[in-house]
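Take a look at the structure below.
Numbers here simply count residues along the sequence, with the first being 1.
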Amino acid sequence: MNIIELPVEFRYEGQQFYIYPSLIVSDNELILVDTGYPGFLPLIENAIEQKGYDLRRLKHIVITHYDDDHIGALYDFKEKYPWVTVISSEREAVYISGGVKSERLVQAEALLEQMPEEQKAFGQSFVDLLTSLRHLPVDQTVKDGEWLFGEACKIVATPGHTSGHISLHFPELDSVITGDAAYIEDNGTELLVANPQYCLNLQQAEQSLELLKNFKAKHYYCYHGGSLHQ
């Protein structure tokens with residue numbers, strides 16, 4: 001088994017940005033962790049193919065949590081690769097399926113009400129983006145401490161950024177895929193709380209970060225900022 005960082009470059013309002021989904025290679029199977037923004041299917045496909053892998057081997061997609069930059073292309077992936085198993089925590093599954101309005105949308109709508117008039121156009125565009133996300137059923141739900149992929153990967157509940165956020169611990173690889181439970185600043189050497197201003201519960205997010213740090217893993221793969229190797 002191997003974990004491969006997938007740097008996905010994109011431009012927004014004239015600036016260059018990256019996200020870093022993770023690809024897990026296990027025997028003859030590929031497992032993708034998070035799917036980018038809406039419309040990012042071809043970008044992530046290209047990143048995987050550039051690493052030399054065939055998308056026909058894609059067997060699972062793990063969603064760390066419900067946010068537009070993590071589930072945005074999930075519907076497109078499932079539509080193109082219908083055999084893929086979608087995995088998330090039980091808490092996030094109800095938002096991914098559309099059965100319950102997502103925490104992020106509830107938060108965005110509340111913030112919009114409080115925004116000064118000059119910021120409301122931006123706030124409304126974010127609400128519109130979240131409202132437009134397409135939903136689909138989750139095939140498999142997981143909980144804290146559960147093992148996946150031949151007991152190579154242990155699910156770690158890391159609430160705070162969202163209530164049902166999960167991270168993935170690979171003891172034999174001495175590696176952690178953090179999702180948004182941690183991030184690394186540009187050229188940084190320290191794990192930090194990702195987007196604290198958007199955390200649903202900042203205290204929980206700080207506790208989850210400490211939990212991940214306490215693994216003292218050699219490799220941390222963060223969705224924002226890339227990977228930390230120590």
Side-chain angles (χ1 to χ4, degrees), residues 19 21-22 31-41 44 58-113 123-124 126-149 153-169 177-182 193-205 207-209 211-212 223-224:
I19 55 170
S22 295
I31 302 147
L32 177 64
V33 183
D34 293 326
T35 64
Y37 290 95
F40 271 43
L41 171 64
I44 296 177
L58 184 63
K59 299 298 181 185
H60 307 282
I61 295 177
V62 181
I63 298 296
T64 59
H65 67 291
Y66 187 102
D67 254 334
D68 60 303
D69 56 334
H70 292 256
I71 68 134
L74 178 60
Y75 188 96
D76 294 339
F77 266 99
K78 185 69 171 182
E79 190 172 52
K80 187 167 182 179
Y81 307 102
W83 59 84
V84 165
T85 299
V86 177
I87 302 170
S88 79
S89 71
E90 187 172 354
R91 180 65 177 266
E92 301 295 307
V94 298
Y95 308 135
I96 296 168
S97 69
V100 176
K101 182 188 291 188
S102 75
E103 293 174 311
R104 188 65 70 215
L105 179 53
V106 170
Q107 179 193 49
E109 289 175 336
L111 288 172
L112 177 61
E113 292 297 316
Q124 186 63 58
F126 187 50
V127 167
D128 292 343
L129 170 61
L130 292 171
T131 304
S132 71
L133 294 174
R134 292 186 291 180
H135 300 104
L136 76 169
V138 170
D139 301 305
Q140 180 181 348
T141 59
V142 291
K143 59 183 183 295
D144 185 48
E146 187 171 338
W147 291 89
L148 290 177
F149 316 132
C153 168
K154 191 174 186 180
I155 299 298
V156 183
T158 45
H161 190 75
T162 66
S163 298
H165 191 292
I166 56 172
S167 300
L168 311 178
H169 183 212
I177 297 175
T178 71
D180 278 0
V193 172
N195 296 316
Q197 70 274 25
Y198 291 117
C199 288
L200 272 297
N201 186 316
L202 184 55
Q203 182 178 3
Q204 278 190 334
Q207 292 169 348
S208 292
L209 178 64
L211 174 63
L212 295 184
Y223 196 74
H224 298 288

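- A donor-acceptor pair under 3.5 Å is absent between the side-chain atoms of Gln204 and the main chain of Asn201, judged by distance alone.
- Remark: Asp69 engages no residue in a salt bridge (Lys or Arg N to Asp or Glu O under 4.0 Å) (not counting sequence neighbours).
- The two residues Thr35 and Phe40 have their closest heavy-atom pair at O-CB, 4.0 Å.
- Within the 3.5 Å criterion, the main-chain N or O of Leu58 finds a donor-acceptor partner in the side chain of Trp83.
- Residues His60 and Phe149 bring their aromatic ring centres within 6.0 Å.
- When side chains are defined from C-beta on, Cys199 counts as touching Val193, because their heavy atoms get closer than 4.5 Å.
- His65 and His70 have tilted rings, their planes meeting at an angle from 30° to 60° on a 0 to 90° scale.
- No side-chain heavy atom of Thr178 sits less than 4.5 Å from a side-chain heavy atom of Tyr223.
- Atom CG in Leu200 sits 5.5 Å away from atom OG in Ser163 (nearest 0.5 Å).
- Summarising the geometry of Asp76 relative to Gly39, their closest heavy-atom pair is OD2-N, 4.3 Å, with the distance given to 0.1 Å.
- Looking at heavy atoms from C-beta onward, Gln140 lies out of side-chain contact with Val86 at the 4.5 angstrom threshold.
- Residue pairs meeting the salt bridge (Lys or Arg N to Asp or Glu O under 4.0 Å) criterion with at least one partner in residues 85-96, sequence neighbours excluded, are Arg91-Glu103.
- Closest non-hydrogen pair, Pro137 versus Ser97, comes out as CA-CB, 4.3 Å.
- Without hydrogens or angle criteria, Ser208 side chain to Pro159 main chain gives a donor-acceptor distance under 3.5 Å.
- With a 4.5 Å cut-off on side-chain heavy atoms, Pro196 and Leu202 count as touching.
- Within the 3.5 Å criterion, the main-chain N or O of Leu105 finds a donor-acceptor partner in the side chain of Ser102.
- Judged by distance alone, the side chains of Asp139 and Thr85 never bring a donor and an acceptor atom under 3.5 Å apart.
- The distance from atom CD of Gln107 to atom OG1 of Thr162, rounded to the nearest 0.5 Å, is 10.5 Å.
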Derivation and outcome, side-chain contact (heavy atoms from CB on, under 4.5 Å), residues Lys59 and Ile31: CA-CA 6 Å; Lys59 299 298 181 185; Ile31 302 147; 5.6 Å; no
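- Few gaps surround OH on Tyr81; more than 12 heavy atoms of other groups in view lie less than 6.0 Å from it.
- Looking only at side-chain heavy atoms (C-beta outward), Leu41 and Lys80 come within less than 4.5 Å of each other.
- Between Leu130 and Ala108, the shortest heavy-atom contact is CD1-CB, 3.8 Å.
- Counting only heavy atoms from C-beta outward, the side chains of Ile87 and Ile61 never approach each other to under 4.5 Å.
- A side-chain donor-acceptor contact under 3.5 Å links Asp67 and His161.
- Separating the CD1 atom in Ile63 from the CG atom in Leu32 is a distance of 7.5 Å, to the nearest 0.5 Å.
- Around CD of Gln197, the count of heavy atoms belonging to other residues, nucleotides or ligands within 6.0 Å exceeds 12.
- Summarising the geometry, atom CG belonging to Asp180 is positioned 7.5 Å from atom CG belonging to Asp34; distances are rounded to the nearest 0.5 Å.
- What you find for Tyr66 and Ile96 is that their closest heavy atoms are CD1-N, 3.6 Å.
- Within the model, atoms OG1 of Thr64 and CG of Leu168 stand 8.0 Å from one another, a figure rounded to the nearest 0.5 Å.
- Among all heavy-atom pairs drawn from Asp144 and Ile155, the shortest one is OD1-O, 3.6 Å.
- Interatomic distance, OH of Tyr75 versus CG of Leu133, reported as 13.0 Å (0.5 Å rounding).
- Using a 3.5 Å distance cut-off with no hydrogens or angles, the side chains of His165 and Thr158 do pair a donor with an acceptor.
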Stepwise salt bridge (Lys or Arg N to Asp or Glu O under 4.0 Å) check, Arg104 with Asp68: CA-CA 9 Å; Arg104 188 65 70 215; Asp68 60 303; over 6 Å; no
